[in-house]
Structure formats: structure tokens, C-alpha cells
Amino acid sequence: MLAKGIGGDGSNWSKQLDEFAKFIAIAILIGPILLDTLFLYVPIINENIKCFALDDKLKIIAIVLRSFTDLPFLLNLLRYVLPTWYTSYILEGLLDDVIPESRMLNILAVLPIPQVVILIFLPKTRNSRSLNRMKFLNSLILLQYVPRAYPMYKICKHSNKDTRECSTKLARRKQIWISGVLNFIMYILASHVLGAFWYFFSVQREIDCWISTCRSENGCNLSTLQCDNTLFRNVTLLNDLCPTNPPNPMAYDFGIFVDSLQSGIVGTTDFPQKLLMCLSWGLRNLSSFGSNLNSSTNAWESVFVISISISGLLLFMYLLGHVQTFMLVISRIWQRMRVIYPRIEFMVSEYGLTGEWVEYAIGDLVREALEEDEGLAAENIFSLLPRKLQRRLKCHLFLATLTKLPGLENKDRQVLDAIMEDLEPVSYADGTYIIREGEPLDRMLFITQGSVLTYKTTTTGGESGSSSTAYLEKGDVYGKELIGWAATSTPFSGLPISGQTVKSHEKVEVFAIRAARLKRIVSRFSTHFNTQDITTVEITSY
């Protein structure tokens with residue numbers, strides 16, 4: 001049936017495997033950004049006794065997963081240790097285009113900075129000197145995101161470059177989708193990271209308040225902040241001077257961190273709850289460029305707000321260009337298809353094709369053809385279809401007609417297939433002279449849409465005027481005598497002369513085969529054309 005094979009000749013498995021490998025690599029590279037933030041959620045605050053603890057379960061999970069995300073960078077470092085033939089065989093293809101080539105960047109990427117900072121130094125914080133050291137170590141955690149986020153940035157950059165360099169509209173549209181998804185993932189990851197740091201800095205900010213309060217007030221013992229220590233703390237004093245629920249900016253201004261402290265997420269071990277709240281905070285403020293953040297006078301907090309504003313603006317400008325490109329492509333496609341779909345409906349009806357799915361399937365194929373080459377003329381829908389589908393449609397339209405033409409009766413299918421292969425669709429506007437009387441008959445016409453007039457203008461019996469006029473409509477053929485001419489003429493004989501003028505009576509579509517091509521087909525299958533066939537053709541045509 002016509003349904004089979006309407007979508008094309010098959011899939012390019014090699015290309016599909018390359019794309020699958022690319023998405024596997026992307027999944028691997030997202031890990032370092034996505035999972036490193038788990039360490040930032042490990043610290044928790046016990047508001048009841050004003051102490052600091054670590055979520056042991058999340059700590060173990062973070063350490064294990066961090067070990068897996070370090071593997072790509074460790075494998076890349078093996079290039080400098082193991083023999084060249086071994087590393088090129090093991091690592092070729094997956095890491096070459098995405099992992100930093102710099103040895104220093106790879107070393108920085110695998111250093112256990114969050115493990116040391118959060119699991120060792122943070123629990124020892126107890127005075128202003130420790131706080132200053134933590135602020136410096138915070139910058140190291142941020143710095144490590146450069147080599148670990150670099151692979152994701154590089155693969156997005158390559159994808160955007162591939163979008164610009166695509167040679168066809170169809171490939172560009174597909175690449176735009178891929179680039180759009182990758183850039184969207186980058187945006188979500190950026191929001192995820194900002195939300196995690198917001199949580200981590202919230203914990204530090206409350207610890208900062210405790211230390212500042214105890215430094216200026218008596219009766220406060222902060223020799224250690226860990227909850228497993230039984231030393232007495234003046235909880236009432238800390239509640240009064242570091243109020244979080246409800247907050248009191250007159251006592252201590254927690255700035256942008258007041259929501260996390262007031263909500264109590266810094267004291268819970270419910271990780272999904274913390275993750276979703278922090279992610280939503282990151283998305284909201286990255287999307288609004290941090291315009292809704294009311295920061296305190298704390299310098300480090302102001303720097304954090306400024307970084308959110310700049311990051312949001314840069315990501316918005318970066319993504320906006322790709323969104324505009326995508327929307328422009330989609331808009332142009334739909335504008336053209338609104339004009340083309342009525343023609344497809346008419347063509348399906350005229351060709352006698354059945355089933356609503358055929359209309360939609362042909363519409364999809366026409367759209368893909370126009371995306372491949374936007375300069376293609378869409379006047380003739382048939383010419384935009386794949387070659388395999390064109391052959392099926394020609395068989396559907398002309399096989400029965402060819403078997404009834406004089407000289408082609410009982411011919412082998414391969415002869416008829418060769419003729420149908422060379423039939424070319426041509427459209428003529430209303431009132432166009434297709435063939436003129438007295439001129440060489442250089443083609444045979446199969447009418448599929450519209451109608452044409454055929455007539456003579458020569459003088460007959462001493463009276464001038466048209467001796468005969470006829471209409472040729474869908475299913476009719478003009479120029480049948482070319483079959484006899486192709487079978488009997490020598491290579492040097494001229495074309496027969498048309499005895500009639502053929503003029504389009506309305507917009508008409510025909511499938512034409514040139515005389516020279518018909519001659520070559522008959523020569524190739526000369527054993528299939530005998531004298532009896534030739535005589536029949538001549539008697540019928542003249």
C-alpha cells in the first residue's frame with residue numbers, strides 16, 4: 001500500500017548512536033554541578049539549643065556521589081600517567097571535546113574542597129577569625145565550580161555553534177531544539193546552585209550572629225558550636241539578639257536569608273523539602289535578576305546579591321537569542337504551511353488518495369522539504385516529496401493508464417517503471433500555450449489536475465477557422481504518437497510535428513516525459529517493442 005514507506009528510506013543508525021553518546025556524556029557532565037551542591041545542604045541548625053550539626057545520612061550520600069562525579073576528571077588526568085596508547089583507546093571520543101585539557105583545571109576539579117571546608121572547618125567555627133577563614137573557603141568552593149561546570153558550558157557552546165553551521169533548515173531546527181534544551185538545563189542548574197548557596201550562607205549568617213552577639217555580651221559560651229557538646233549556652237540571650245521567628249531587623253538584620261531561617265528549613269533533615277524551596281528561590285530571583293532581594297548592609301551579602309543580578313541578566317540575554325531564533329524558525333514554517341496545506345488537501349483529493357492520515361503525512365514531508373531548503377518553490381507539492389514516495393504515487397496515478405496506451409499494452413513492468421521514473425510534474429497557469437500547432441512535439445503529457453484545450457487553426461476546405469476543439473481533463477494523455485516515433489525512428493530522425501495547439505483552460509498540472517528520454521527508454525528495452533506494436537501505434541495515432 002501507499003502507506004508503507006511514506007516517511008523515507010530508513011534511519012542513519014550511526015548518526016543516532018553519536019547523538020545517544022552525546023546525551024550520555026551530557027548526563028555524566030551534569031553530575032558534578034548537580035551533586036556537588038549536596039554538601040551545601042549537609043549543615044543544619046538546632047534552634048532549640050542554638051547549635052550546629054551535620055546531617056550524617058546526607059553527608060555519606062554526598063561523599064559517595066562526589067566520588068563518582070570525580071571519575072571523568074580523574075580519567076582525564078590518567079593521560080599524563082598511563083601510556084598514550086592505553087588512554088587514547090579507553091578515553092577517545094567521550095572526554096576529548098568536553099573535559100578541560102589543562103592539567104591544573106583537572107586537578108582543581110578533583111580537589112576535595114567541599115569535603116574539607118564543610119565537614120572539617122565549618123564545625124570548628126567559634127570566633128571572628130574562624131568566620132573570616134570560612135569566607136575565604138567559601139570562595140574556594142565557588143572557584144571549584146569553574147572547572148566542574150566548564151564541560152557543560154563547552155558542550156552548550158558546541159551545540160550553539162552547530163546550530164549556526166547547519167547546512168539545512170531541517171537539521172538547524174533539530175539542533176535548535178537540542179540547544180534550547182541544553183541551555184534550559186544550564187538555567188535550571190544555575191538556579192539550583194544559587195539556591196544551595198543561599199541555604200549554606202543562611203546557616204553561616206546565623207552562626208555569624210551568634211558569634212557577634214557572644215563577643216559583645218557576657219554569659220555566652222561559644223567554645224564550640226557543635227550540638228554534641230554539652231557546654232551551657234545562654235539560649236534566651238541568643239533568641240533575643242538573633243531572632244529568626246519572628247525576625248527583628250532592629251536586633252539583627254538577616255537580609256535575604258531571613259526567609260530560610262524563618263521557615264525552619266535550616267533545621268530539618270527533610271532533603272526534598274530543602275531542595276525544592278531553595279530551587280524555587282533560585283529560579284525566582286535569577287529570573288527577576290535579584291530585583292526583589294532586600295539585602296542588609298553586610299558586604300558579603302551585597303556581593304552575593306550582585307552576583308545573582310549579573311548572572312540572571314547574562315543568562316537571560318544568552319537564552320533570549322536562542323529563543324528568538326527558535327520562534328523565528330517556527331513562525332516562518334507555520335506561515336508557509338498555512339498556505340500549503342489547502343494545496344495538499346486538493347492534491348490528495350485529485351490523486352484519489354484515501355485516509356486522513358495521508359494528508360497529514362504528506363504535510364509533514366512537505367514541511368521537512370521546505371525546511372531543508374527554504375528557497376524551494378512550493379507551487380508543485382509533488383516535487384517536494386521523497387523520491388520513494390514519488391515512485392509510489394506515480395504508480396498509483398499512471399500505471400493503469402500506461403497499460404492502455406497503444407504500443408505499451410502487455411509490456412513488462414520494468415518498461416512501465418522506467419517511463420514513470422522519467423515523468424516530471426509541471427504546472428501551467430490559466431491561458432498558457434503548452435504546445436503550439438506546427439511546432440515539434442517534444443513531450444507527452446499526462447494531465448492530473450485542471451483541463452486543457454486542443455484545437456487546430458489551419459485552413460480546411462477553403463474555410464479558415466478551428467476545425468476541431470476538444471477538452472482534455474484529468475486522466476487524459478496528449479502526444480501518444482511519441483511512443484510509435486520512439487520505436488521506429490532512427491537516432492538522427494527529427495521529432496514529429498504537433499498537429500494541434502494545446503492551451504491550458506485553467507491552472508493545470510501535468511506530468512510530462514520528454515521525447516528524448518522516451519527514445520532512450522525504448523532503445524534500452526528494444527526487444528520489448530516489435531513491428532506489430534509499431535504498426536498499431538502508427539494506425540491509432542495518425
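Only this structure's heavy atoms are used, side chains among them; waters, hydrogens and symmetry mates stay out. Keep in mind it's a predicted model, so treat the numbers as computed, not measured.
- Sparse packing is recorded around CG of Asn294, with 12 or fewer heavy atoms of other residues, nucleotides or ligands lying under 6.0 Å away.
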Table please: side-chain donor-acceptor pairs of residues 302-314 below 3.5 Å, with sequence neighbours left out.
| residue | atom | partner | partner atom | Å |
| --- | --- | --- | --- | --- |
| Ser302 | OG | Asn298 | O | 3.1 |
| Ser307 | OG | Val303 | O | 3.4 |
| Ser307 | OG | Phe304 | O | 2.6 |
| Ser309 | OG | Phe289 | O | 2.7 |
| Ser309 | OG | Val305 | O | 3.2 |
| Ser311 | OG | Ser307 | O | 2.7 |

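- Applying the side chain to side chain contact (heavy atoms under 4.5 Å, CB included) criterion to Ile61, with sequence neighbours excluded, gives Leu38, Lys57, Leu65.
- Looking at Val266, Leu122, Val42 one by one, the single match for side chain to side chain contact (heavy atoms under 4.5 Å, CB included) with Phe200 turns out to be Leu122.
- Not a single side chain to side chain donor-acceptor pair (under 3.5 Å) links Tyr145 to another residue, sequence neighbours left out.
- Side-chain contact of Tyr187 with Ser287: a donor-acceptor pair under 3.5 Å is present, judged by distance alone.
- Looking at residues two or more places apart in sequence or on another chain, you find no salt bridge (Lys or Arg N to Asp or Glu O under 4.0 Å) involving Asp253.
- A search for disulfide (SG to SG under 2.5 Å) contacts involving Cys278 returns nothing, not counting sequence neighbours.
- Scored by the side chain to side chain donor-acceptor pair (under 3.5 Å) test, Thr37 finds His192 as partners (sequence neighbours excluded).
- Evaluation of the salt bridge (Lys or Arg N to Asp or Glu O under 4.0 Å) rule for Lys59 yields Asp56 as partners, not counting sequence neighbours.
- The ring pair (Phe, Tyr, Trp, His ring centres under 6.0 Å) pairs that include a residue from residues 104-132 number zero, where partners must be two or more places apart or lie in different chains.
- Remark: Asn245 engages Gln262 in a side chain to side chain contact (heavy atoms under 4.5 Å, CB included) (not counting sequence neighbours).
- Applying the ring pair (Phe, Tyr, Trp, His ring centres under 6.0 Å) test to pairs two or more places apart or on separate chains, those with a residue in residues 36-66 are Tyr41-Tyr199, Tyr41-Phe271.
- Among pairs with a residue in residues 188-207, those fulfilling salt bridge (Lys or Arg N to Asp or Glu O under 4.0 Å) read Lys50-Glu206, Arg205-Glu301, at least two apart in sequence or across chains.
- Between Phe197 and Phe201, the ring planes are tilted. Angles from 30° to 60° get that label.
- Here Ser291 pairs with Ser288 under the side chain to side chain contact (heavy atoms under 4.5 Å, CB included) rule; sequence neighbours left out.
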